[in-house]
*Asks:* 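Please find one structure pasted underneath; my questions will follow.
In what follows, every heavy atom counts, from backbone to side chain, and hydrogens, waters and symmetry copies are set aside. Positions are given from 1, in the same order as the sequence printed here.
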Amino acid sequence: MGTKRQPDKPITYSPFHLTVLVCFVAIVSYLAAKLGAMVVIPSQVDWTLWPGNILLACVLLFVSRRIWPIVVAAALLTFAVYDLRIGLSLRTVFFFQLSDAVETLTAALGLSYAFGGPPKLNSVKALAKYAFFAVILAPFAGAFFGALTTHGEYRTGWWIAFLSQALGYLTLMPAVLGWVSNRSAWLHAPLPRCLEALALFVGLTIFGYFSLVAPSSIVLAILTIVPFLLWAALRFGTTGVSSATIAVAFFAIWGAVHGRGPFIAPESAHNVPSIQVFLLFVAAPFMVLAVLAEEEEQIKEELANERARLIEAQEEERIRIARELHDDVCQRLATLSLKIEKVSSDWSKGKQQSVDGQLERIRHECATLTGDVQAMSHALHPSILDNLGLATAVKSFCREIAEQCGAVVNFTDGNTPDSLPREVSLSLFRVVQEALHNAVKYSGQRDFDVRLRGTSRELELQVIDRGVGFDVASVQKTAGLGLISMRERIHLVNGTIHIDSKPNAGTRIRVRVPLAAQSAVKLR
């Protein structure tokens, strides 16, 4: 399910705060324009990387959409004033501002719709959405107007404009968003982490200078900077890779501006595209690698938290059983011991009639206690499951639930094998227990279906209620121990579990366990 854009919060900006924000945007826009002009290849008007739009789009993602027109106007006016001061024509300035407006708004609107705010590139899905809106769609739209500012062929100008912005959104924006969103973590990072980051960028600076500024070849540049990009991806995620790529881009552009490094072609028109393509192909795979590493780390953390929660649940269950044994069973046994002692005393005193009545009551209490202990044992591990098989055990449990809760539990069995691996039988039985208990507790209904169906290749279980239902996406983010336990049990027997539910539309839990795979595991 896609993440829909959340509506803007009703933030009120006072005139003072709005003035401060406009001044901040104007200052940042001026510095960005100044930086962009410093990396223009001599004799060309083409920017290898234009940071102004990227920084403006970042600001838009952090402020209310209601003041976007003011923020965009402040930035574009600053860009226009700077362009006029360095001698660009009115025609060039006009198309530059039009390109900037189209591209920035496309990126900001697309990302705010897809992520509901500043994007977090912590999964492949998130990176794909970000790449579509920011790296492809926004530069694609802006390049149509940006290409009109060049003095050469329109198609070549379009590609240069597109690659310039795509490169910025692939490198600069993730770095800025990462620095701002995770500023607290960076400021409070442990000393070894800070020293590692310092070592990474010192090494990248040294090798980047000698590979991309000093006379060298592209092969040498790749061989020297790739290990540092790999280091950044695996240890510092997307923020580290994008920051490292910015450093690489700085050295590559700086070297070309001063006529040095591997990107000096006989024709200067080829310098900008060659640098852009090189940086894109350097940045893209390591961004993907960083996202994969972060996603794997998140999965490991989630799994570790679910092990921890299961262990906690097991400990709570042990405490409950121990308390029940101590407070109920042991106390009742102690009471029976006292009663037996009294019977023995009365017997020795010749009170035969009193002894007979007491023995009958003791016999009745022993039978009740035996039944309660058997019920507890059955809940911990039903012997019927081992003796009569899964279908009979599930049918018996359905009957118990119906009697205890006054419900109707319709059980159907279709060719369930009599002999199943113990792990499969126990896992499916526990899923039935958990699912029916949840249905009784939360569904608001008293009519349930439990269906077992076996084939030569798999066993399918369905537990269905027609109650209030729930939103699966929201529940999965804060799954309780019951859902976690069901998933873990089915995962251990190589099965799959799907939960289909909608508010006011009931719930269907569907489990499939392959039988062939279980047989193969058992043979080994």
*Asks:* Looking only at heavy atoms, which two atoms of Thr78 and Ala26 are closest? And how far apart?
*Replies:* CG2-O, 3.4 Å

*Asks:* Do Phe236 and Ser242 make a side-chain contact, defined as non-hydrogen atoms from C-beta onward lying under 4.5 Å apart?
*Replies:*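 SC-SC contact between Phe236 and Ser242 ruled out.
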
*Asks:* Could you check whether any side-chain N or O of Arg91 sits under 3.5 Å from a backbone N or O of Leu148, counting only pairs where one atom can act as donor and the other as acceptor?
*Replies:*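 Side chain of Arg91 to backbone of Leu148: a pair is present.
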
*Asks:* Any side-chain to backbone donor/acceptor pair from Ser99 onto Phe145? Under 3.5 Å, distance only.
*Replies:*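 No: the side chain of Ser99 does not pair with the backbone of Phe145.
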
*Asks:* Does His437 offer a backbone N or O that forms a donor-acceptor pair with the side chain of Tyr442 under 3.5 Å?
*Replies:*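 Side chain of Tyr442 to backbone of His437: no pair is present.
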
*Asks:* Check the pair Trp231, Phe201 against ring-ring contact (aromatic ring centres under 6.0 Å, His included), reporting the backbone distance first and the verdict last.
*Replies:* CA-CA 10 Å; Trp231 183 1; Phe201 281 96; 9.1 Å; no

*Asks:* Check whether any side-chain heavy atom of Arg487 sits under 4.5 Å from a side-chain heavy atom of Ile497, and report yes or no.
*Replies:* yes

*Asks:* Run Ser443 and Phe470 through side-chain contact (heavy atoms from CB on, under 4.5 Å) and show every step you take.
*Replies:* CA-CA 9 Å; Ser443 71; Phe470 56 89; over 6 Å; no

*Asks:* Less than 4.5 Å apart, side chain to side chain, heavy atoms only: is that true for Gln97 and Asp83?
*Replies:* yes

*Asks:* Which atom pair, heavy atoms only, marks the closest approach of Thr238 to Glu294?
*Replies:* N-OE2, 3.0 Å

*Asks:* Parallel, tilted or perpendicular: which one describes the rings of Trp254 and Phe250, with boundaries at 30° and 60°?
*Replies:*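 Correct class here is parallel.
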
*Asks:* Show the nearest heavy-atom pair for residues Pro139 and Ala134, with the distance to one decimal.
*Replies:*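 Scanning both residues completely, I find the closest heavy atoms to be CD-O, 2.9 Å.
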
*Asks:* Between Ser243 and Trp179, is there a side-chain heavy-atom distance shorter than 4.5 Å?
*Replies:*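 Result yes, sub-4.5 Å side-chain heavy-atom pair found.
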
*Asks:* Mind telling me whether Phe162 and Trp159 have parallel, tilted or perpendicular rings, with 30° and 60° as the class edges?
*Replies:* perpendicular

*Asks:* Do Lys129's NZ or CZ and the ring of Phe115 fall within the cation-pi criteria of under 6.0 Å and 45°?
*Replies:* yes

*Asks:* Trp186 ring centre to Arg183 NZ or CZ under 6.0 Å, with the angle to the axis within 45°?
*Replies:*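 Checked: cation-pi criterion not met.
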
*Asks:* Spell out, as yes or no, whether a donor-acceptor pair under 3.5 Å connects the side chain of Ser501 to the backbone of Gly506.
*Replies:* yes

*Asks:* Can you find a pair of side-chain heavy atoms, one from Phe132 and one from Leu137, that are under 4.5 Å apart?
*Replies:*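 Yes. Closest side-chain heavy atoms under 4.5 Å.
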
*Asks:* So does Arg430 pair up with Glu434, basic N to acidic O under 4.0 Å?
*Replies:*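 Salt bridge between Arg430 and Glu434, a charged N being under 4.0 Å from a carboxylate O: no.
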
*Asks:* For Val493 and Ser427, work out which heavy atoms get closest and say how close.
*Replies:* CG1-OG, 3.8 Å

*Asks:* Which pairs of donor and acceptor atoms, one on a side chain in residues 281-288, lie under 3.5 Å apart (sequence neighbours left out)?
*Replies:*
none

*Asks:* Met173 and side chain to side chain contact (heavy atoms under 4.5 Å, CB included): which single residue from Leu55, Asn53, Leu111 fits?
*Replies:* Leu111

*Asks:* Do the side chains of Pro503 and Val468 get nearer than 4.5 Å, heavy atoms only?
*Replies:* no

*Asks:* Do Phe79 and Phe96 pass the ring-ring contact (aromatic ring centres under 6.0 Å, His included) test, and can you show the C-alpha distance, the side-chain angles, and the key distance before you say yes or no?
*Replies:* CA-CA 9 Å; Phe79 294 155; Phe96 267 146; 9.8 Å; no

*Asks:* Donor-acceptor pair, distance only, cut-off 3.5 Å: does the side chain of Ser64 make one with the backbone of Ile67?
*Replies:*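 Side chain of Ser64 to backbone of Ile67: no pair is present.
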
